[in-house]
Amino acid sequence: MSAETIAADHHDVEDHHPTERQYWVVFVALAIITAAEVAWAEIPLTDDGGPLLVLPMMVMMIAKFILVAGAFMHLYFDTKILNGKFFWWIFGSALLLAVIVYFIVFATFEFSIF
Amino acid sequence: MADVATPAVDGHVDAHHDEHHEGHHTSLGISNMKLAMWLFLGSEVLLFGALISSYLLSVARFNQERAEGNPLVTGPGTELFDIPFTSASSFILLMSSLTMVLAHQAIHHGDVKNSRIWIGATAALGSLFLAGQVYEFTVFYREGLGFTTNLFGSAFFTLTGFHGVHVTGGILMLTSLLVLSFQGKLNKDRHETVELVGLYWHFVDIVWVLIFTIVYLVV
Amino acid sequence: MAIIEEPLALPSGDRPTVSNPLGGLSRPRGATGLKDWLTTVDHKKIGIMYGAAALFFFVIGGIAALGIRTQLAAPDQTLLSGDAYNRVFTMHGTVMVFLAVMPLGAAFANYLLPLQIGARDVAFPRINAFSFWVFLAGGILLNTSWFIGGGANGGWFNYAPNNGVAYSPSTGIDFWNIGLLIAGIGSMTGAVNLITTVLNMRAPGMSWMKMPVFTWMTLVTQFLLLFAIPVLTVAQVLLLLDRGFDANFFNVEQGADPLLWQHLFWIFGHPEVYLMILPAFGIVSETIPVFSRKPIFGYPFMVASGVGIGFMGWGVWAHHMFVSGLGPLSVAAFSAVTMFIAVPTGVKILNWLATMWGGKLLLNTAMLFSIGLVTQFTVGGLSGVMHSVAASDTQQTDTYFIVAHFHYVLFGGALFGFMAGFYFWWPKAFGYKLSEKWGKAHFWTMVAGFNLTFGPMHILGLQGMPRRMQTYSEVQGFGLWNMVATIGSFILGVGSLLILVNAFVSYRAWKRAGRPDVGPDPWDARGIEWMIQSPAPEHNFDVDPVITELDDFWHKKYAEDENGKLVRVATAEELAHPGNGEGVHLPAPSYWPLVLSIGIMIIGYGLIFSLYLCIPGAFIMMTALYGWSLEPADDLDADDHHHGEVEVAHG
Amino acid sequence: MFTWGAKFFFGVSAVALAAAIAYALVTGGSPIGAISIGYKGGVGDHTGYGILLAVSAASMLMGVLSVVVRDADADDLALAAGLDTVPPAQPPRTLSYWGPISAFGIGCLIVGLAVSQAFFILGIIVLVVTLIEWTVLAWSDRATGDPDVNAVVRDRVLGPLEVPMLGTVMFGVIVIGLSRVLLAVSKTGSVVVGSVIAIVIFGGAIAMAKLELSRRVISGLLVAGGLAVLGGGIIGAAVGEREIEHYSEHGSDHGEDGEHSE
Amino acid sequence: MNTSNRRNRWRSGLLLALVAVTAAACAEDKPLNIFEPQGPQADRIHGNTLFILWMATAVFVATFAGAGYIIWKNRVSEEEFNDGEFPEQVHGNPTLEWGWTALPGLILAVVAVVTVPTIFALEEKNDADELDVMVIGQQWWWEYRYDVDGDGFFIDGNGDGVVDELDEGLPLEFSLDPDDVSTAQEMVIPVGQQVDLLITSRDVIHSYWIPRLNGKRDAVPGRIHTWSLEADEAGEYTGWCTEYCGLSHARMRMSVIALPQNDFDAWLANQMLPAAQPDPSDELAIAGKELFGQQCASCHVVDDPDFSYPTILRDSLGDPVLDDTDHEIPTSIFVSPQVAKAAPNLTHFASRSAFGGAIYSQYAELDANDDDLNELGIETYTDLDANYRWNTAQLRRWIANAPSQKDMAPDDRRGMPSFALSDEQLDQLVAYLATLD
Ligand code: HEA
Ligand code: HEA
Ligand code: CUA
Ligand SMILES: [Cu+2]
C-alpha cells in the first residue's frame with residue numbers, strides 16, 4: 001500500500017491481555033458455576049421445574065457466558081477500548097437480536113419453559 | 001463446512017500478508033481477519049439461536065404429544081439424559097477453553113514450545129469431548145432413540161450434532177495450527193492466527209454452555 | 001494449481017531456472033480471456049459477473065412469468081397443467097428473488113463499495129470470488145431442476161408440511177432447498193467480506209458520516225444478510241434432514257408444529273425483502289442529487305432511516321402469518337409494528353422529493369428510473385401498509401392484492417433502482433454511456449408495461465382472485481383485468497429486453513466512433529468513484545484518496561465564492577487519477593474459489609441424488625480448501641516490484 | 001500430450017469404474033443402480049462400491065492433472081521454462097518404499113477376498129494411497145534436474161491431499177478409540193474414565209509446559225499417550241459395549257406396544 | 001315416507017332463500033369481491049379496509065401530486081443543466097424532517113388504534129348454545145363435521161377415561177367422533193347466527209375463506225384454529241382455498257349455504273339419517289349400490305348397514321390399539337374411514353349442490369364456482385330437479401376418471417383413482433348416487 005498508510009504502530013498499543021493467573025481464576029469460577037448448576041438441577045427442591053429451577057440456572061448460564069466471552073475472548077481485558085467495545089457491539093447486537101427474535105417466536109407459540 | 005475452514009485458511013494467509021506489508025491500514029485499527037471472525041460469530045449466534053429454539057419447540061411439542069397419549073409417538077425422551085456424564089464432558093470443554101487461551105498467551109509471549117503443547121492439549125480435549133458425544137449418541141441409540149424415532153430424537157441429534165460438527169471444525173483448525181507450528185511458521189508475529197482460532201473455539205464452548213444448561217439441565 | 005508458495009529457493013544455489021515445473025497447475029497469473037474471468041479476484045470483474053448472472057437469471061424468471069401470464073390471460077386456459085403451473089410460479093419467485101434481485105444488489109455492492117470508500121479491493125478478494133462462484137453454483141443447481149427434477153413446486157416460501165416428501169415426492173423441492181443453501185453460503189461469506197471492507201478499509205478521512213449513502217445502505221443490507229441467512233439455513237437444514245434422512249421436524253403426526261417453518265422462513269424472509277430494496281434506495285440516493293444538482297437532503301436522516309428500516313425489519317416477520325392462527329395478541333402486536341416501518345421509509349421518500357425540490361432536474365434515463373422508483377415504490381409501500389392492517393389483511397392475504405404489492409416494491413422499487421444504477425454507472429464500468437434515446441424508450445415501455453401488468457392486480461385482488469391459481473372460471477369475473485395484465489406483461493418483457501438492446505447498440509456506436517474516452521466523470525457527479533478513469537482501472541485508485549467531506553469529489557471540484565455562490569475550482573480531469581498502476585501490488589488470481597464451489601455443487605447434487613456423489617465432492621472440496629490455505633493471497637512470484645512504493649501526490 | 005502417466009491413470013479409472021459396477025452387481029445391486037450411482041435402484045455393498053468409485057474418481061483426477069501438467073515431457077518443460085533444454089532428469093535420490101507397501105496392499109486384497117471384507121477394504125485403501133503417492137513421487141522425481149526442488153514439488157502437489165486425510169484419520173482414530181473405551185465400561189465408569197483422561201491430558205499438558213521436560217521425554221509421553229488410546233480403543237472394541245437397557249414404554253400408562261420404534 | 005318429507009322441506013327452504021338473495025344482489029358478478037360483505041365479521045373488516053384504503057389514497061394523492069409538481073417545475077433542459085449555475089445548496093432541514101417523521105407516525109398511530117380492536121373483535125366466540133362446525137381441509141376438498149349428538153367433536157382418543165383437550169391434540173384419526181355428521185364441499189349454516197368454526201387439516205396447510213362472510217383462517221394440521229362466520233341473509237357464498245396446498249390448490253374451492261333456521265334444522269335432521277335405500281324397483285341403482293360396495297366403499301363412507309367399515313384402532317374399551325398388522329399404516333394415511341381421510345362422505349351426496357372440491361355443480365348448466373344458485377330464476381324445486389338436476393355427464397366423467405377432471409396424485413394416496421368402468425356400470429353408479437339425498 002502507499003507509503004503514508006504504513007503505520008506499523010498498532011502493535012505496541014495492542015492487547016494487554018490478562019495474565020495467566022487471571023485466566024486460571026476465570027476457569028475456576030467457571031468450574032464452580034458449572035458445579036453449582038448441576039447441583040441446583042439435581043436437588044429435590046427443583047424437581048418439577050418452574051421458576052425456581054429456571055431463573056437461577058439462567059443467571060448462572062449467563063454468568064458463564066459472560067466469563068468466557070469477556071475473559072477468554074478478550075472482550076473486557078482489552079485495554080484498547082475501541083477494539084473490545086467494537087466487538088462487543090457486533091457480538092452483542094447479534095445476541096440481542098437472536099434473543100429478542102426467538103423469544104417473540106416462543107411467545108407466539110404460547111410457549112413457556114417453566 | 002466452508003464456514004468452518006475459512007478462518008483458518010485466511011488466518012494463515014493474512015498473517016503472511018502482514019509480514020510483507022507491515023500493518024495494513026484499517027479504518028478501525030483492528031485487523032480485518034479479527035473483524036471478519038467476529039462477524040462470522042455474530043452470524044453463528046443467529047444460527048445456533050434458531051437451532052436451540054427449534055429444539056425447544058420440538059421438545060415441548062414432543063412432551064405434550066406424549067402427555068396426550070398420541071400412540072404414534074414412541075421412544076424415549078429427555079429422561080435419557082445422563083447428567084453426570086454430560087457434566088463431565090461440559091467440564092472437559094471448559095478446560096479446553098482454558099488451554100486455548102494459554103496457547104494464545106504462550107505464542108503471544110513468543111513461547112513457541114508451550115504454545116504447541118497447549119494447542120495440542122486443546123485439540124486432545126476437544127477430541128475427548130467428541131468421543132464423549134459419540135459415546136452418548138451410541139448409548140442413546142442402544143436405548144432406543146434413533147434420529148428418526150421421534151421429534152425429540154431428531155431435534156436432539158441435530159442440535160448436538162451441529163455443535164459436534166463445529167467442534168470437529170475447530171479441531172481441524174487446531175491441527176492446522178500445529179502443522180504450521182512444526183513448519184516453523186507460527187511465531188510471535190502471528191499470534192493473531194492463534195487468537196482467531198481461539199475465538200472460534202471459545203464461541204463453540206459458549207454454545208455448549210448454553211446447550212448444557214438449557215437442554216440438559218433445564219428442559 | 002497455485003502450489004507455489006514462495007519462489008523456489010534452490011539449494012544448489014542457482015536462481016530458479018525452470019520457473020514452473022508445475023505446468024498448468026501453477027497459479028494463474030496475468031491471464032486473459034476466459035481464464036481471467038474464471039480466476040479473477042478483482043471486485044469489479046466479480047461485480048460485473050454478478051450483474052451478468054443476475055440478468056441471465058432475470059430472463060429465466062421473466063420467461064417463467066410470461067408463462068404464468070399467458071396461462072392466466074383468460075379463464076380456463078390449459079397451456080400449463082396444474083403441476084407445471086405450480087412449478088413455474090415457484091421457480092419464478094425463487095429465481096427472481098434469490099438469483100436476480102439479490103445478486104443485482106451484490107453486483108452493485110461489489111463493483112462500487114471499494115470505489116466509493118477508496119479501497120483497492122474488498123477485504124478478502126478470494127473469498128469474494130468464492131462468494132460469487134458459490135452463488136452461481138447454487139443458482140445453476142436450482143435451475144437444472146427445470147430439466148432433471150421438474151422444477152421446485154412448493155411456492156417460494158415453501159411451507160411445511162407441503163414441502164415434505166409425503167406431499168412433494170419429486171426432487172423439485174430438494175433442488176430448491178439445496179440450491180438455496182449453497183447460494184446462502186455465498187451470501188454469508190459475501191456479507192462478512194463486505195462488512196469488513198466497509199468498516200475497515202475506508203480511505204483516510206472517510207468517517208462514518210462521510211460515507212456515501214449507497215455505501216451505508218449496502219452496509220445495512222449486508223448486516224441483514226449476515227444475520228438473516230443463518231436463520232434460513234437452519235430452516236433448510238431441518239427440511240433437508242426431514243426430506244433426506246427421515247427426521248421429524250415437520251412431521252405433524254409426531255407432534256411437530258408446521259408454524260415453526262413459517263417463523264424461521266419469515267424471520268429470514270422479511271429482512272430479505274428489505275435487503276432487496278435497500279441497495280436500490282442507496283442507488284437513487286446517489287443519482288437524484290447528481291441530476292438535481294443539489295446535495296442529498298438530510299443526509300443524517302437518510303442514513304438513520306436506512307439503519308432504522310434494517311432494525312425494524314427484524315420485528316415484523318409475522319405479518320406474513322396474520323391468518324396462520326397466531327392468536328389476536330401476536331397479530332395485533334405485529335400489525336402495529338409493521339405499520340411503523342412506513343415511518344423511516346416515508347422519510348426516505350420525502351427526503352428524495354425534498355432533494356429535487358428547488359433543484360435543477362435533468363430528466364435523463366438514470367434520473368427517470370430514479371423517479372420511477374420513488375413513485376412506484378410509494379404505491380407498493382402504501383399497499384404494504386394496507387396489508388399491515390391485520391384485520392383488513394385477512395381479506396387481502398394470498399390474493400393478487402399481495403402480488404400487486406410485492407411487484408410494485410420489487411419491480412417498481414428494487415428493479416427500477418437497479419436500472420437507474422445501470423445507466424448511471426455504466427460508463428464507469430465499461431467506458432461508454434448507454435444511449436439516451438434507447439434509454440428513454442426502455443424507461444417508458446417499462447413504466448407502461450409495469451403499471452399495465454401489476455396495476456390491474458390490485459383490482460383483481462380486491463375482486464377476490466387468490467394467488468397461485470393455475471386457472472379460474474368465467475363466472476368469477478377475473479377475465480378482463482387478467483387479460484390487461486397479460487398484455488402489460490408482454491410490453492414489460494419487451495421493455496426489460498431493451499436494456500440489453502441498448503447495451504448492444506451503444507457499444508456498437510462507441511466502437512464505430514473509435515472508442516472515445518468518456519472521461520472520468522461524465523455526469524459531473526459527486527462521489528469519489530468518479531475520480532478515476534473510466535472504465536475503472538484494475539487497481540482503482542493510484543493512491544489512497546484522502547477524504548475531507550461528504551461527496552468529497554464534488555467539493556474538490558466546486559467551492560463557494562465569497563458570495564456563497566458555487567464555482568468550479570477544478571475540472572474532473574485535473575483531479576482524476578491518471579490510472580497509473582505502476583508499482584501497485586494487487587492480489588493474484590486463484591483457481592481455488594472456483595474449484596471449491598464446484599466441490600460444493602457436486603456435494604449438493606450428491607445430497608439430491610445419491611450420497612455417493614458426495615464423496616468425490618468432498619474430496620474436491622477438501623483439496624480446494626487446503627490448496628487455498630497453502631496459497632498466499634498475493635502471488636509473490638508474479639510480483640516483481642512490490643517493494644517500490646508509489647509516491648504520487650494529489651493532482 | 002497424453003503421456004504414459006495420463007494414459008495409465010485413465011486406464012485405472014476405467015478399470016476401477018468397471019470394477020465398481022461389477023462389484024455392485026455381484027453384491028446384489030441392480031444394473032441401473034450400479035450405473036446411476038444409486039440414483040435409481042440399489043448398488044449392493046455400499047462401502048466397497050463407494051471406495052471403488054472413489055478410486056475411479058481419484059484416478060480420473062490424477063489423469064487430468066497429469067495431462068495438464070504434461071508430466072516429465074522434457075520438451076514441454078523446456079517450453080514452459082523458456083529454455084532450450086532442461087537438465088536431464090536424474091535417477092531419483094529418494095529411496096522408495098512404495099513397492100513393498102503396494103505388495104502388502106495386494107496381499108491384503110487377496111486375503112480379504114478369502115477371509116474378510118475388512119482386509120479387502122484395507123487392501124484397496126492401501127493400494128489407492130500407494131497409487132497416488134507413488135505416481136506423484138515418480139513424476140516429481142523427474143520434474144526438474146534438481147532433486148530438492150523435486151521434493152518440494154512433490155510436497156506441494158500432495159500436501160493438500162495428505163494433510164487433511166492424515167488429519168482425519170488420526171482424529172478419527174482418537175475419537176473412535178476413546179469412545180470405545182467409554183462404551184466398554186459401566187455407566188459410572190464412563191464418567192470416571194472420561195474425567196481421568198481429561199485430567200491426564202490437562203495435567204500432562206501442564207507438566208510439559210511447566211516442568212522443563214526434554215524433547216525426548218515429551219515425545220515419549222506423546223507416543224505413549226497415542227498408543228494408550230489406540231490400545232484402549234482396540235481393547236474396548238474387543239470387550240464390546242456394556243449392556244445398555246433398551247427403553248420400553250412401560251412407564252406410560254397405556255399399554256400399547258412400544259417396541260417398534262425404528 | 002316421512003324422511004323424504006323432511007328432505008323436501010329443507011330443499012324448498014333452500015330454494016326460497018336463494019330466490020330472496022337473488023333479488024337482493026342482482027348486479028353481482030364478482031362472487032368473491034371483498035367489497036360486498038354480507039355478514040357482520042366481513043362488515044367489520046370492510047370498514048377497516050375502507051378506512052385504510054382512504055388513508056392510503058390520501059397519502060398517495062399527496063405524494064404523487066407533490067412529486068408531479070416538483071418534477072414539472074424543476075425539470076430543465078440539458079443545456080440549462082450544464083450552464084454552470086447552481087440551485088441553492090440545501091443540505092437539509094431537521095425541523096422539516098422531524099416533522100415528516102412524526103406525521104406519518106401520527107397517522108399510523110390512528111390506524112393502529114382503529115385496527116387493534118377490530119382484530120380482537122374478529123376473534124369473539126359465539127354463545128355456547130349456538131352452532132359450531134368443524135372444518136377439515138385435505139388435499140383437495142373440505143370436510144365439515146356437525147356435532148349432532150352434543151358430545152363434542154372428539155372422543156376419548158387416548159383412552160384415559162375423559163374427553164378433554166388432550167384428546168383434541170391427538171391426530172384426528174384417533175380422536176374424531178365417528179358419530180358426528182360429516183359432509184363435504186359445502187357448509188350449511190343457519191342465517192343470522194354466528195357459527196363458530198374449528199378449522200384444522202389432515203395433511204398440509206389450507207386456508208378457509210368465504211370473502212363475503214369473513215376473512216381467511218389457515219387450516220393447519222395439528223392445530224385447531226377458531227374462526228367464525230355469520231350470514232345476514234340466506235344464500236350461497238362461495239370461496240377458495242387460499243393457502244397453497246400442492247397440486248390441485250387451484251381446484252379446492254368451497255361454499256357456504258345459509259338457510260333460515262327451520263330449514264337448517266330440517267337439513268341437519270336429514271343429514272343425521274342413515275343413507276337412503278334405493279327403491280326396490282330401481283334395478284340400476286341396486287346394481288350401482290353393489291358396485292359401490294365393491295369399488296368405492298373402501299374409501300367413501302356411506303352410512304348404510306350393508307357396508308361394513310372396520311372400526312380398527314379401538315379395542316372393546318375404546319382404547320386405541322395398534323396391532324402388528326396396522327402399525328405401519330398411520331404414518332401418512334387414514335386409519336378409519338369413519339373419520340374419513342380418504343374421501344368425502346357420500347351418505348347424503350345427492351343433497352349437495354357441488355362436488356369435486358366444489359368445482360363441479362351437481363346441477364346441469366350451472367357453475368359451482370359461481371354463487372349462481374342465487375341467480376337461478378326458478379320458482380319451485382321441482383323445476384330445479386326437472387330442468388337442472390344431475391349434471392350426469394360430469395359426474396360420469398368424474399367417476400370414470402377423476403384425475404382427468406382435476407389434478408390429483410392417486411398413486412401417492414392423494415385423490416381418487418381412475419377406474420375401468422363400463423358405460424353401464426357408470427349408469428348404475430350414477431343412479432345409486434342419485435338416491436343418496
Ligand atoms: C422489496 C421488497 C418489499 C418491501 C420494501 C416491502 C415493504 C413493505 N411491506 Fe411487503 N412484501 C414483500 C416485499 C416487500 N414489502 C413481498 C415479496 C411480500 C409477499 C411475500 C409472499 O407472500 O410471497 C410482501 C408481503 C407483505 C405483507 C404480507 C401480506 C400477506 O401475505 O398477507 C405485508 C403485511 O403487512 C407487507 C407489508 C409491507 C410494509 C408495511 C412495507 C413497508 O416497508 C412499506 C413502507 C413504504 C411506504 C408506506 C410508502 C412511502 C411512505 C410515505 C410516502 C410516507 C407516508 C405513509 C403513510 C403515512 C402510510 N408486505
Ligand atoms: C424480484 C422479483 C420479481 C420480479 C422482477 C417479478 C417479475 C414479474 N412477475 Fe412475479 N413474482 C415474484 C417476484 C418477482 N416477479 C414472487 C416472489 C412471486 C411469488 C411466487 C410464489 O407465489 O411463490 C411472484 C409471483 C408472480 C405472479 C403470481 C403467480 C401466482 O400467484 O399464481 C405473477 C402473475 O402474474 C407474476 C408475474 C410477473 C411478471 C409478469 C413479471 C415481469 O415483470 C417479468 C418481466 C420480465 C421479462 C418478461 C423477461 C425479459 C424478457 C424476456 C424473457 C424475453 C422474452 C419476452 C418477450 C418476447 C416479450 N409474478
Ligand atoms: Cu387447499 Cu389450497
Ligand atoms: Cu414482510
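Numbers restart at 1 for each chain; the letters A, B, ... are given by sequence-line order, proteins then strands.
- In the displayed structure, A/Leu95 atom CG is contacted under 6.0 Å by more than 12 heavy atoms of other residues, nucleotides or ligands.
- C/Asp42 pairs by the salt bridge (Lys or Arg N to Asp or Glu O under 4.0 Å) definition with C/Lys44, not counting sequence neighbours.
- Among the candidates C/Phe227, C/Phe334, C/Trp317, the residue making the largest number of heavy-atom pairs closer than 4.5 Å to chain A is C/Trp317.
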Exercise for the section: Kindly determine whether A/Tyr102 and C/Val231 satisfy side chain to side chain contact (heavy atoms under 4.5 Å, CB included), including the steps that lead there. Expected result: CA-CA 11 Å; A/Tyr102 297 125; C/Val231 186; 3.4 Å; yes
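- Atoms CD1 and CG, from A/Ile90 and C/Leu199 in turn, are 6.5 Å apart once rounded to the nearest 0.5 Å.
- Considering CG of C/Leu259 and OG1 of A/Thr108, their distance stands at 7.0 Å, rounded to 0.5 Å.
- Taking a 6.0 Å sphere around CZ of C/Phe157, one finds it holds more than 12 heavy atoms contributed by other residues, nucleotides or ligands.
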